[in-house]
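Notes to accompany the following structure.
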Amino acid sequence: MGEIQETLVEDLQGNLPIELDLKLTGYQTATTVGGKIYLIEKSDDESNLTACVKILDKSNGQWGDATVLGTKPAICKGHSAVLVNNDRILVLKKDSTPDDCTWFLEVDTPFIREQKKILDTEVVAWSKGVNGDGPKPIVISGPSGVGKGTLITKLMTEFPSMFGFSVSHTTRAPRNKEKNGIHYHFTERMAMEKDIRDGKFLESASVHGNLYGTSVEAVDVVSDAGKRCILDIDVQGARLVRANSLEAIFIFICPPSFEELEQRLRARGTETEEQVQKRLRNARAELGEGKSSGLFDHILVNDDLEKCYESLKELLGLKQSTEGIPYKPSLEDCHLNGSHSISKTDQKVLIRCGTMELGKASKKLFMIDASSLKGGAPGRTRGLNMYAIDPSNGLNGSNR
Ligand SMILES: Nc1ncnc2c1ncn2[C@@H]1O[C@H](COP(=O)(O)OP(=O)(O)OP(=O)(O)O)[C@@H](O)[C@H]1O
Ligand SMILES: Nc1nc2c(ncn2[C@@H]2O[C@H](COP(=O)(O)O)[C@@H](O)[C@H]2O)c(=O)[nH]1
């Protein structure tokens with residue numbers, strides 16, 4: 001396959017200090033990053049078409065084991081690979097649709113360096129590329145009983161096509177009317193702890209004696225539906241989201257008074273007296289941190305429900321005439337049909353795509369600008385600027 005040879009020439013040229021028997025086939029790419037070569041190929045198991053990663057240490061010629069985090073792309077018809085920003089490999093899938101053509105294998109991003117320290121092993125992570133920035137998720141925090149859920153329900157009822165709820169996992173027991181998969185993914189502690197170790201969670205925390213967490217999948221499901229994601233999480237979770245790569249708007253909801261908070265929590269009638277006491281104790285600490293830590297972009301007091309809801313809509317820019325307009329990701333018509341080849345200049349990747357078959361030769365050119373990537377593993381890589389270019393304009397053909 002032409003595209004793969006081209007990548008190999010670019011990445012392996014003159015870099016091998018020892019004789020290596022890579023035995024590359026048409027479905028493999030090898031990308032050199034520092035002292036290592038990352039081999040990406042279709043899984044050995046024919047029934048499983050996901051990408052498989054092998055890492056070769058050039059100094060000793062040894063294949064190393066790595067923990068592979070994130071959702072792997074399905075690779076069946078081949079791919080190209082090229083290093084971008086010196087910390088991640090851009091993988092372009094052959095014969096793929098615009099929303100599934102660009103993936104990243106992170107090899108030396110801040111997330112990977114952090115995970116290497118935690119897991120004390122070689123780590124790589126997959127992240128799907130998303131064209132454009134997408135709307136920022138909204139993190140809503142505040143003490144138990146303050147009215148977060150009530151406000152979120154109102155927002156989602158009024159703007160059903162605009163917002164989607166990130167369904168958290170929890171080890172707490174379901175309440176009377178709560179449904180698995182809708183209000184929470186109710187789960188066993190051991191299963192959830194394993195998934196956290198496997199990097200499936202954006203954040204997790206022990207809250208009021210139970211484990212709660214936002215899976216990468218919970219947020220991706222909402223963004224993939226073209227909606228803006230709302231996370232209802234505690235202050236510890238908000239701090240963790242702030243610290244990792246998910247760019248979001250952070251809103252803290254306060255009660256008008258501690259007495260009113262206690263009254264709402266009791267009136268809801270969902271907790272035992274012991275649990276109410278625990279939640280109120282935790283509320284004092286959360287209120288202190290929420291108001292003073294600088295963690296939150298906005299603080300709203302939920303005294304009168306309707307007034308607070310109006311303020312929430314205002315800060316989300318929903319008071320204008322945007323009602324009912326769903327968010328549409330700005331995907332260009334970037335179908336990578338047939339074979340393609342790639343080459344790179346600075347942070348721009350040029351993709352030549354199409355067939356040169358006699359009589360029906362056609363070529364399409366696409367450009368990916370990787371200079372302003374945002375986010376990344378354990379979530380999506382956003383800010384990808386992929387666009388079709390007119391060859392007559394040369395490499396600097398303008399975007400839109
Ligand atoms: N502004 C308000 N005035 C009076 N009652 C309110 C107000 N907002 C919400 N409530 C009521 O307070 C109770 C707690 O609200 P809600 O369940 O939304 O809180 P929450 O912050 O989501 O709690 P948790 O963190 O425990 O999930 C509910 O019975 C709700 O109807
Ligand atoms: N850190 C996280 N906190 C979460 C998550 N989902 C919910 N929560 C918070 O837990 C408390 C209690 O919720 P309840 O449903 O048991 O009343 C509340 O403050 C939620 O905001 C999560 O995924 N991560």
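Note that ligands are numbered from 1 as they come in the structure, with each ligand's atoms numbered from 1 the same way. The shown structure was predicted, so the numbers you read here are calculated from the model rather than taken from an experiment.
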Between ligand 1 and [X], is the shortest N or O to N or O distance under 3.5 Å?
| X | result |
| --- | --- |
| Glu260 | no |
| Arg175 | no |
| Asp232 | no |
| Val146 | yes |

Near [X] [atom1], under 6.0 Å, is it more than 12 heavy atoms from other residues, nucleotides or ligands?
| X | atom1 | value |
| --- | --- | --- |
| Glu217 | CD | no |
| Asp304 | CG | yes |
| Glu188 | CD | no |
| Arg113 | CZ | yes |

Heavy-atom contacts under 4.0 Å between [X] and ligand 2: side chain, backbone, both, or neither?
| X | result |
| --- | --- |
| Gln236 | neither |
| His183 | neither |
| His169 | neither |
| Val207 | side chain |

- [ ] Would you mind running through ligand 1 and noting each atom that sits below 4.0 Å from a heavy atom of Asp303?
- [x]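 Counting atoms of ligand 1 from 1, those under 4.0 Å from Asp303 are 1 (N), 2 (C), 3 (N).
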Suppose I only count heavy atoms of Arg279 and a 4.0 Å limit; which atoms of ligand 1 are within that range?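 Numbered from 1, ligand 1 contributes 26 (O).
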* Which is closest to atom 2 (C) of ligand 1 in terms of heavy atoms, Lys148, Gln275, Arg268, Arg264? ->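 Nearest option to atom 2 (C) of ligand 1, by heavy atoms: Arg264.
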Distance (rounded to the nearest 0.5 Å) between [X] [atom1] and [Y] [atom2]:
| X | Y | atom1 | atom2 | value |
| --- | --- | --- | --- | --- |
| Phe258 | Leu287 | CZ | CG | 6.5 Å |
| Arg88 | Leu373 | CZ | CG | 5.5 Å |
| Met192 | Thr187 | CE | OG1 | 7.0 Å |
| Ile230 | Met156 | CD1 | CE | 6.0 Å |
| Leu39 | Thr31 | CG | OG1 | 8.5 Å |
| Leu295 | Ser141 | CG | OG | 7.5 Å |

Evaluate [X] for polar contact with ligand 2, using N/O atom pairs at a separation under 3.5 Å.
| X | answer |
| --- | --- |
| Ala205 | no |
| Ser144 | no |
| Ser204 | no |
| Glu271 | no |

What residue and atom, counting heavy atoms only, is the protein's closest point to [atom], and at what distance?
| atom | result |
| --- | --- |
| atom 24 (N) of ligand 2 | Glu203 OE2, 2.7 Å |
| atom 9 (C) of ligand 2 | Asp234 N, 3.7 Å |
| atom 20 (C) of ligand 2 | Asp232 OD1, 3.5 Å |
| atom 13 (O) of ligand 2 | Tyr184 OH, 3.3 Å |
| atom 19 (O) of ligand 2 | Lys148 NZ, 3.6 Å |
| atom 23 (O) of ligand 2 | Ser168 OG, 2.6 Å |

* Check whether any heavy atom of Arg279 sits under 4.0 Å from an atom of ligand 2. =>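 Yes; Arg279 lies near enough to ligand 2 that a heavy-atom distance drops under 4.0 Å.
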ask   = Quick one: does Leu151 get within less than 4.0 Å of ligand 1, heavy atoms only?
value =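 In this structure, Leu151 fails to qualify as a contact of ligand 1 - no heavy atom is under 4.0 Å.
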- prompt: Should Gly145 be listed as contacting ligand 1, given a heavy-atom distance under 4.0 Å as the test?
  reply: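 Gly145: in contact with ligand 1 (<4.0 Å).
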(message) Distance to the ring centre below 6.0 angstrom and angle to the axis at most 45 degrees; does that hold for Arg172 and Tyr212?
(response)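 Arg172 over Tyr212 ring: no.
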Practice item. Establish, for the pair Lys154 and Tyr309, whether the NZ or CZ atom is under 6.0 angstrom from the six-membered ring centre and no further than 45 degrees off its axis. Key: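 Yes; both conditions hold, so Lys154 lies above the ring face of Tyr309.
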- If you group Ile, Leu, Val, Met, Phe, Trp and Tyr by side-chain heavy-atom gaps below 4.5 Å, do Phe165 and Phe186 land in one group?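 Each belongs to a different hydrophobic cluster.
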Mind listing the closest non-hydrogen atom pair of Thr32 and Leu83 along with its distance?
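Reported closest heavy-atom pair: O-CD2, 3.9 Å.
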Just say parallel, tilted or perpendicular for the rings of His169 and Phe201, cut-offs at 30° and 60°.
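His169 and Phe201: perpendicular rings.
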- Task: State the atoms of ligand 2, each with its element, that fall below the 4.0 Å cut-off from a heavy-atom position in Arg172.
- Result: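 Reading through ligand 2 atom by atom, the close ones are 14 (P), 15 (O), 16 (O).
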Hey, is Leu265 touching ligand 1 through its side chain, its backbone, both or neither, going by heavy atoms under 4.0 Å?
->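 It is neither part, as no heavy atom is under 4.0 Å.
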For ligand 1, note which part of Pro143 has a heavy atom under 4.0 Å away: side chain, backbone, both or neither.
->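 Near ligand 1, Pro143 shows its backbone, while the atoms from C-beta on stay back.
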Quiz item: Does the gap between the ring centers of His340 and Phe366 come in under 6.0 Å?
Solution: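 Ring centroids of His340 and Phe366 are no less than 6.0 Å from each other.
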